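Source: prediction; values computed, not measured. Throughout, protein chains are lettered first and strands after them, A, B, ... in sequence-line order, and every chain is numbered starting at 1.
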Protein chains: 2
Amino acid sequence: MAQQSVFKALADPTRREILRELKKGSATAGELAEKFPITRASLSHHFNIMKAAGLLRDQRRGQHIVYSLNTSVMEEVAALMLDLVGKPASRRRKKT
Amino acid sequence: MAQQSVFKALADPTRREILRELKKGSATAGELAEKFPITRASLSHHFNIMKAAGLLRDQRRGQHIVYSLNTSVMEEVAALMLDLVGKPASRRRKKT
DNA sequence: ATAGTATTTAGATAGTTGTCTAAATGTCGA
DNA sequence: TCGACATTTAGACAACTATCTAAATACTAT
């Protein structure tokens, strides 16, 4: 997981909103598009950035593409954030 | 605390490094400058952004300016991050 | 006051980013 | 295969950002 790409991904409000939306459950690009006032092309751009950061997974289902959170990476991100921002971080394991 | 300013502040690697440096303890602008390969002017710019986000405090001491983490805001930021990224967030208090 | 040190502000610039429109790709059903 | 639908890719553009140099401000000591 590349730190920089994750932080960059989270720096945009639309992307954070997408994340919150997906926390409720997976959704197709089209379903997400209905909730945002930007073009589908722009949204697609955001998906790419988040995929590159490892935050999202995509999976084609017929003509639709379903996006969902990559929960395992989200856990890592949480730890990363806590490390940066000061808390002791709920260490689950010692090393690997 | 303005969400967007905080996330933006954290999106830059130099600023995150400054944060880590200050976690070890307060430092003057000059002391910090010695650890980074950019000009003091650029560093000052970063300080401004982090101050605006509420992450840093500054305090003049003679000709030096001492920077330190604003720990209370850092706690809020941690909660913010966890909220976004999925963990239940160690809720300390109910409302105020 | 003056000189010296620490830091910031101002202004410029190259690179990055979010958005758009238009075109391309992929998939399904007839 | 054809047309319709869902989504992405390509290319362009304005706005933003990290950095720089040069100049200004703030403080200390002589």
message: For the backbone of B:Gly62 and the side chain of B:Arg60, can you confirm whether one donor and one acceptor N or O come within less than 3.5 Å of each other?
response: yes
- line: Separation of D:dT17 atom P from B:Met50 atom CE, nearest Å, is 15 Å
message: Check whether B:Tyr67 forms a cation-pi arrangement with B:Arg57 (NZ or CZ under 6.0 Å from the six-membered ring centre, at most 45° off the ring normal).
response: no
message: Check the phosphate of D:dT7 against A:Thr28, side-chain N and O only, distance under 4.0 Å to OP1 or OP2. Yes or no?
response: yes
field: Nearest listed nucleotide, side chain of A:Gln63, among C:dT27, D:dT19, C:dT9
entry: C:dT27
- prompt: In terms of the nearest nucleotide of DNA chain C, which residue is placed more toward the 5' end: A:Ser42 or A:Gly62?
  reply: A:Ser42
field: Per A:Ile38 side chain, nearest of listed nucleotides C:dT19, C:dT21, C:dG26
entry: C:dT19
query: Can you check whether A:Asn48 has a side-chain N or O nearer than 4.0 Å to OP1 or OP2 of D:dT9?
result: yes
query: Does the side chain of A:Arg15 come within less than 4.5 Å of A:Ile49's, by heavy atoms?
result: yes
- prompt: With distance as the sole test, does A:Arg16 use its side chain to make a donor-acceptor pair with the main-chain N or O of A:Leu10 at under 3.5 Å?
  reply: yes
task: Choose from D:dT21, D:dC27, D:dT8 the nucleotide whose nearest atom is closest to any side-chain atom of A:Ala29.
output: D:dT8
query: Touch check for B:Phe36, heavy atoms < 4.0 angstrom, all strands: base, sugar-phosphate only, or nothing?
result: nothing
task: May I ask you to say what B:Ile49 touches in the nucleic acid, namely base, sugar-phosphate or nothing, with a heavy-atom cut-off under 4.0 Å?
output: sugar-phosphate
- line: Closest to the side chain of B:His64, out of D:dT8, C:dC20, C:dT7, is C:dT7
query: Between A:Arg60 and C:dG26, does any side-chain N or O lie under 4.0 Å from OP1 or OP2?
result: no
query: Between B:Lys8 and D:dT17, does any side-chain N or O lie under 4.0 Å from OP1 or OP2?
result: yes
message: Expressed as a whole number of angstroms, how long is the span from B:Gln59:CD to C:dT8:P?
response: 14 Å
message: Regarding A:His46, tell me which of base, sugar-phosphate or nothing describes its non-hydrogen contacts under 4.0 Å with the strands shown.
response: sugar-phosphate
- prompt: Between A:Lys51 and B:Asp12, which has a closest nucleotide on DNA chain D that is more 5'?
  reply: A:Lys51
- prompt: Checking all strands, does B:Ala33 fall into the base, sugar-phosphate, or nothing category for heavy-atom contacts under 4.0 angstrom?
  reply: nothing
- line: Side-chain atoms of B:Thr14 come closest, of D:dT19, C:dC28, D:dT8, to D:dT19
- prompt: What is the distance, rounded to the nearest whole Å, between atom CG of B:Leu43 and atom C1' of D:dC20?
  reply: 13 Å
message: Measure CD1/A:Ile18 against P/D:dT7 and give the value in whole Å, please.
response: 13 Å
message: Does C:dC20 have its OP1 or OP2 closer than 4.0 Å to a side-chain nitrogen or oxygen of A:Thr39?
response: yes
message: Once rounded to the nearest 0.5 Å, what's the spacing between atom CD of A:Glu31 and atom CG of A:Leu22?
response: 10.0 Å
- line: When rounded to whole Å, the CZ to C1' distance for the pair B:Arg40 and D:dA18 reads 18 Å
- prompt: Just how far, in rounded Å, is C1' of C:dT16 from CD of A:Gln4?
  reply: 12 Å
query: Do the side chain of B:Gln59 and the main chain of B:Ser68 share a donor and acceptor less than 3.5 angstrom apart?
result: no
- request: Look at all strands and tell whether A:Arg61 reaches a base, only sugar-phosphate, or nothing, counting heavy atoms closer than 4.0 Å.
  value: nothing
message: Between C1' on D:dT7 and CD1 on A:Ile65, what's the gap in Å once rounded to a whole number?
response: 6 Å
task: Determine: side-chain N/O of A:Tyr67 to OP1/OP2 of D:dA6, distance under 4.0 Å, yes or no.
output: no
- prompt: Rounding to a whole Å, what distance do you find between B:Phe47:CZ and C:dT9:P?
  reply: 12 Å
task: Establish, with yes or no, whether the OP1 or OP2 oxygen of D:dA18 is under 4.0 angstrom from a side-chain nitrogen or oxygen of B:Arg15.
output: yes
message: So, taking the atom named CD in B:Glu21 and the one named CD1 in B:Ile18, what distance separates them when rounded to the nearest 0.5 Å?
response: 9.5 Å
